[in-house]
Amino acid sequence: MRSLRTGLSLAALVTCLATLFTAPAAHAAETPLRDLAAAKGKVMGTAVTGSKLTGTYGDIAGREFNALTPGNAMKWGSVEPTRGSFDWAEADRIVDFAEAHGQQVRGHTLVWHNQNPSWLTNGSWTPAQLSQLMNDHIALEVGRYKGRLATWDVVNEPFDEDGTYRQTLWYNGLGADYIAQALTAARAADPSAKLYINDYNVEGVNAKSTALYNLVRSLKERGVPIDGVGLQAHLILGQVPSTMRQNIQRFADLGVDVAITELDIRMQLPSDSAKLTQQAADYKAVMNACLAVSRCVGVTVWGFTDSDSWIPDTFPGQGAATPYDENYAPKPAYHAIAESLGGGTTTPPPTDACTAAYSVTSQWNTGFTGQVRIACSGAALSSWEASWTFGAGQRLTQAWNASCTQSGATVTCSNAPYNGTVPDGGSVTFGFNGSWSGGNPVPVVTLG
Ligand code: G2I
């Protein structure tokens with residue numbers, strides 16, 4: 001099921017990116033993270049966007065991870081935008097993909113203060129109505145996927161930073177008991193799913209995590225169904241809390257599982273080799289904190305590629321928070337995760353950090369337009385040459401922003417006088433037109 005796709009449809013080719021590392025070829029043969037994690041009995045998951053699960057994105061999601069979390073698709077506002085009218089398409093697609101790839105699914109999320117439909121947030125409800133709405137929503141959504149999801153983030157982000165309850169639709173209407181009610185409803189709807197409370201800024205020991213700790217202790221004492229605590233871990237470069245392992249352990253000692261549910265580590269852009277090296281160390285520190293506690297079931301990253309991360313939209317000027325760059329090249333953080341899981345790889349040196357990505361931007365009956373983007377992160381170029389072999393008789397007819405020649409099937413393009421420099425954290429793109437017939441497969445580009 002998880003073998004690399006070898007045959008790509010024409011449509012897929014149009015959007016497919018072929019990315020080549022200038023690093024040694026050995027990197028391509030690394031053991032996937034999911035296999036390393038499975039050998040340790042751990043989850044290595046990623047949040048995904050359902051509509052992107054094809055091509056390179058789908059290949060990596062299926063190959064490297066043994067668990068998926070829908071980034072947005074299962075939120076109330078996504079599944080019931082209008083009262084009584086449901087849209088399960090993206091959520092179903094993710095669950096189907098996961099099952100086809102032997103992956104767990106973490107349902108996210110049932111009761112939250114964000115991304116609710118406006119009919120719900122703008123309504124005026126009595127406590128009894130609100131309770132009914134919440135319980136019905138849980139029964140419906142958890143029931144729909146009964147037996148298919150490993151885990152649910154039942155309640156998301158119930159606390160403020162000082163450890164008091166967040167004033168939300170739920171807390172204001174139902175008091176703190178909404179949490180116990182929600183967990184009880186979820187258990188009834190799918191007795192086999194593990195039920196979690198999930199929050200951010202609770203990775204280390206602090207006022208907020210202590211409030212969560214006290215809540216979980218009291219729920220356990222009262223016999224409310226609670227199986228685990230999710231530590232989101234939206235972290236800042238160089239700021240992994242030193243008490244993370246201790247914090248995970250104290251939750252485990254309450255008799256619940258712990259999961260790192262939304263790991264990303266953001267930095268001020270542009271990235272450079274020092275930042276990426278620090279980020280790799282930070283990823284490894286989080287992995288090791290989890291791996292040190294047997295009840296820490298594993299780690300999920302909040303998007304595996306920088307092209308599918310919430311950070312740049314929410315924190316302007318920041319990003320590069322995930323283990324793969326925007327062109328799907330693994331970053332030092334990827335190798336750090338692999339190493340922490342017992343993979344025998346070493347982080348490629350920074351000089352390996354320029355990549356060339358070929359894409360077909362449009363295609364018609366006899367012709368096509370393509371481009372190659374050369375991007376550096378952790379290295380810089382003062383001149384470049386990109387070459388590839390057309391595998392299906394394609395012919396180059398015109399190029400811009402580069403000087404290109406074709407000899408036989410081999411195309412060689414070197415920089416124009418004005419774009420030889422690719423700075424660390426920067427990129428250069430050149431374009432071309434070509435002709436094709438029969439097929440137009442995406443070639444592998446070698447950067448020299
Ligand atoms: O905010 C980061 C995460 C914090 N913990 C709970 C997670 O559920 C949350 O995820 C993010 C998604 O990754 C974003 O993709 O939640 C955001 C909303 O709070 C999501 O952002 C929303 C944008 O605000 C919308 O404008 C956009 O239409 O994503 C939507 C879908 O792309």
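If you read the sequence from its start, that first residue is 1, and numbering goes on from there. All ligand and atom numbering here is 1-based and tracks the order in the structure.
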- Are the aromatic ring centres of F304 and Y334 under 6.0 angstrom apart?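 Between Y334 and F304, which both carry aromatic rings, the centre distance is not below 6.0 Å.
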- Task: Please confirm whether Y358 and F432 have ring centers closer than 6.0 angstrom.
- Result: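 Ring centroids of Y358 and F432 are less than 6.0 Å from each other.
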- Task: Could you tell me whether N156 and ligand 1 have an N or O pair separated by under 3.5 Å?
- Result: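 Such a contact does not occur with ligand 1.
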Do protein heavy atoms approach [atom] to less than 4.0 Å?
atom                    : result
atom 25 (C) of ligand 1 : no
atom 12 (C) of ligand 1 : yes
atom 29 (O) of ligand 1 : yes

Please state which protein non-hydrogen atom is closest to [atom] and give its distance, to 0.1 Å?
atom                    : value
atom 31 (C) of ligand 1 : N72 ND2, 3.6 Å
atom 23 (C) of ligand 1 : Q115 NE2, 4.9 Å
atom 16 (O) of ligand 1 : K75 NZ, 3.2 Å
atom 10 (O) of ligand 1 : W302 NE1, 3.3 Å
atom 5 (N) of ligand 1  : E262 OE1, 2.7 Å

For the side chain of [X] and the backbone of [Y], is there at least one donor-acceptor N/O pair under 3.5 Å apart?
X    : Y    : result
D190 : G147 : yes
K194 : G228 : no
E90  : A73  : no

- Got a second to check how far I138's CD1 is from R187's CZ, nearest 0.5 Å?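 Nearest 0.5 Å value for the CD1-CZ distance: 12.5 Å.
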- Task: Could you check if a side-chain atom of D153 sits within less than 4.5 angstrom of a side-chain atom of M74, using non-hydrogen atoms only?
- Result: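 No, too far: nothing below the 4.5 Å cut-off.
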- Message: Checking contacts here: is it the side chain or the backbone of Y200 that comes within 4.0 Å of ligand 1, counting heavy atoms only? Could be both or neither.
- Response: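 The answer is neither; Y200 stays 4.0 Å or more away.
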- Task: Would you mind listing which atoms of ligand 1 come within a distance below 4.0 Å of any non-hydrogen atom of W112?
- Result: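 In order of numbering, the contacting atoms are 6 (C), 8 (O), 19 (O).
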- Task: Assess the side chains of T210 and R250: does a donor N or O sit below 3.5 Å from an acceptor N or O?
- Result: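 Judged by distance alone, the side chains do pair up.
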- Pick from H113, H234, E157: the one approaching atom 6 (C) of ligand 1 most closely through a non-hydrogen atom: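 It is E157 whose heavy atom sits nearest to atom 6 (C) of ligand 1.
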